[in-house]
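Take a look at the structure set out below.
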Amino acid sequence: MAELVWFRNDLRTADNAALTAACKSGRPVRACFIVTHAQWQEHDWSAARVKFVLEHANALSKQLAKLGIALTFLHADTFAASLDVLEQHCQQHNISHVHFNEEYGANERKRDKQVRDRLTKRDIAVKKYRDQTVAPVGQILTQKDEPYSVFTPFARRWRVWIEETHPTLYAAPSATGPEVTPEQTDTLPAPFKDAPEPLVETGESAAHDALEEFLAERAASYKDTRDFPALDGTSQLSPYLANGVLSGRQCLIAAQQTGSSGEGIETWINEIAWRDFYINILYHYPRLSMHRAFKPETEALNWNEPGAHFEAWKEGRTGIPIVDAAMRQLKTTGWMHNRLRMITAMFLSKNLFIDWRLGEAWFMQNLVDGFLASNNGGWQWSASTGTDAAPYFRVFNPVTQSERFDPKGEFIRNWVPELAKLDNKRIHDPSKGGVVPKGYPRPIVDLKESRKEAIARFQALKD
DNA sequence: GACACATTATG
DNA sequence: ATAATGTGT
């Protein structure tokens with residue numbers, strides 16, 4: 001008899017509830033990962049993310065080998081098809097217990113329920129763990145025992161929970177046998193899909209190094225630098241977090257252990273709270289993973305046909321420099337600075353008045369850190385359709401944002417070379433009082449008019 | 001029920 | 001300075 005750890009969105013050996021539990025059993029432990037390309041495509045996984053995940057799955061296989069755990073790659077087109085391969089694998093290896101960490105998308109939950117039913121019928125025990133957030137999902141509730149729909153009170157309660165509970169890392173898994181030889185474990189054949197150049201290095205120890213580097217060198221100034229896309233102010237850990245190479249707990253505990261309780265660290269810890277917040281929202285409201293708005297009344301909005309405006313936005317040819325620079329960064333690198341995610345999302349959903357779902361999908365199709373909870377949460381915030389959303393009348397002005405957060409136009413010059421020669425003032429809005437540089441489009445919408453129109457269309461929902 | 005708060009914009 | 005909304009304590 002043996003235990004099986006089924007890895008999914010938790011491609012790490014450290015601080016992993018399911019792995020730690022399996023290793024404590026005293027029985028031999030095996031591992032598996034199911035490659036489900038068609039399902040990933042249906043979920044709009046980008047080429048960058050697929051590559052990242054497969055490379056990290058290989059790295060995980062090597063790490064597990066040191067613990068005496070052989071990992072097998074199984075293959076199924078979809079989640080539905082993965083039931084059969086998992087069941088077959090369990091029988092082949094005489095598995096008595098299957099351990100996995102919960103995921104909160106609707107399809108993932110449906111799959112996990114079906115897996116539990118199927119394996120239980122074969123007398124295989126299924127053990128699930130609430131491992132994905134700092135405070136276990138579903139535990140942070142209002143005084144009325146209801147889920148929070150506003151971030152600030154959620155974060156206050158979340159911090160109280162941390163004070164009371166002093167969360168710790170799951171114990172490092174102990175070796176369950178002699179090191180597994182390369183012949184006994186499994187490796188996916190490279191090369192993987194064509195994708196942007198990797199943003200971060202591959203592997204769990206590289207992730208730990210990146211976390212340490214951020215906390216030691218850059219976290220103290222995080223509050224002051226994080227909003228400036230030309231600076232290296234953010235942690236850049238999102239690809240690891242989105243794919244479970246790092247956990248939020250590891251980030252929080254490492255941040256606490258730096259001892260410096262500066263504003264920078266506190267601001268960053270708040271971002272970990274945002275992640276927990278949106279995972280909780282996804283958990284409490286399944287409609288969010290079914291292409292539905294959190295605010296049902298916004299389903300009645302009559303979005304514009306995407307057409308040429310949507311193509312211009314995707315390609316970074318809107319005539320708004322900060323938007324174009326951001327969209328080109330996304331397409332080229334598979335990543336976008338968070339301030340720019342808000343600016344470009346607001347521009348698509350309010351100024352172009354194009355359905356936020358189309359933008360959400362485009363982000364997923366390009367981001368290496370595309371993570372349903374955070375991506376959907378961010379888009380619904382920008383589009384004023386979500387929890388704690390930006391009030392509909394509070395529309396970012398992308399030019400003002402550009403002047404504030406890229407004051408010298410450095411970020412714009414880097415990604416929109418057509419504008420490189422413009423001075424620091426004109427670069428934010430080249431069409432204003434001058435000739436637009438050759439090869440660069442005029443703005444595809446009037447910012448003022450489109451803002452007014454968007455507010456009016458939201459206002460009309462209330463009549 | 002008063003109050004704090006929310007990743008602002010425009011005149 | 002003022003616009004205008006809703007959650008949670």
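Labels below follow one simple rule: chain letters A, B, ... track the order of the sequence lines, proteins then strands, and each chain is numbered from 1. What you see is a predicted model; the values in this text were computed from it and never measured.
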Neighbours of DNA chain B within residues 397-408 of chain A, by heavy-atom distance under 4.0 Å: N397(A), Q401(A), R404(A)
Run the salt bridge (charged side-chain N to carboxylate O under 4.0 Å, His left out) test against E410(A) and tell me which residues pass, sequence neighbours left out. none
Are any of the side-chain nitrogens in [X] or [Y] under 4.0 Å away from the carboxylate oxygens of its partner?
| X | Y | answer |
| --- | --- | --- |
| R317(A) | E311(A) | no |
| E360(A) | R292(A) | no |
| R328(A) | E418(A) | yes |
| R226(A) | E271(A) | yes |
| R12(A) | E204(A) | no |

Whole-Å C1' distance, dC5(B) and dA4(C): 14 Å
What is the distance from [atom1] of [X] to [atom2] of [N], rounded to the nearest Å?
| X | N | atom1 | atom2 | value |
| --- | --- | --- | --- | --- |
| N351(A) | dA9(B) | CG | P | 11 Å |
| I343(A) | dT8(B) | CD1 | P | 10 Å |
| L141(A) | dT9(C) | CG | C1' | 16 Å |
| Q380(A) | dA6(B) | CD | P | 21 Å |
| L447(A) | dT8(B) | CG | P | 17 Å |
| R394(A) | dT2(C) | CZ | C1' | 13 Å |
| Q459(A) | dT5(C) | CD | P | 6 Å |

Measuring centre to centre across the rings, with the benzene-like ring taken for any Trp, is Y148(A) within less than 6.0 Å of W158(A)? no
Side chain to side chain donor-acceptor pair (under 3.5 Å) with R49(A): of N243(A), D369(A), D44(A), N366(A), only one passes, and it is N243(A)
Cation-pi check, [X] to [Y]: give yes when NZ or CZ is under 6.0 Å from the six-membered ring centre and within 45° of the ring axis, no otherwise.
| X | Y | value |
| --- | --- | --- |
| R275(A) | F371(A) | yes |
| R109(A) | Y104(A) | no |
| K408(A) | F228(A) | no |
| R457(A) | F353(A) | yes |

Evaluate K425(A) against D423(A) for salt bridge (Lys or Arg N to Asp or Glu O under 4.0 Å), listing each step before the verdict. CA-CA 5 Å; K425(A) 264 197 146 71; D423(A) 63 43; over 6 Å; no
Look for any protein N or O under 3.5 Å of an N or O in nucleotides 1-5 of chain B and output each such pair with its distance, or none.
none

Taken in chain and number order and not counting sequence neighbours, the residues that satisfy side-chain hydrogen bond (donor to acceptor under 3.5 Å, both in side chains) with R218(A) are E213(A)
Please produce a list of atom pairs where a protein N or O lies less than 3.5 Å from an N or O of nucleotides 6-8 of chain C.
unit_1: dT7(C); atom_1: O3'; unit_2: S149(A); atom_2: OG; d: 3.4
unit_1: dG8(C); atom_1: OP1; unit_2: S149(A); atom_2: N; d: 2.7
unit_1: dG8(C); atom_1: OP1; unit_2: S149(A); atom_2: OG; d: 3.3

Stems in DNA chain B, runs of 3 or more consecutive Watson-Crick or G-U wobble pairs with both distances under 3.5 Å, sorted by first number, are B:2-6 with C:5-9, B:8-10 with C:1-3
Winner on side-chain proximity to F393(A), out of dT8(B), dA9(B), dT5(C), is dT5(C)
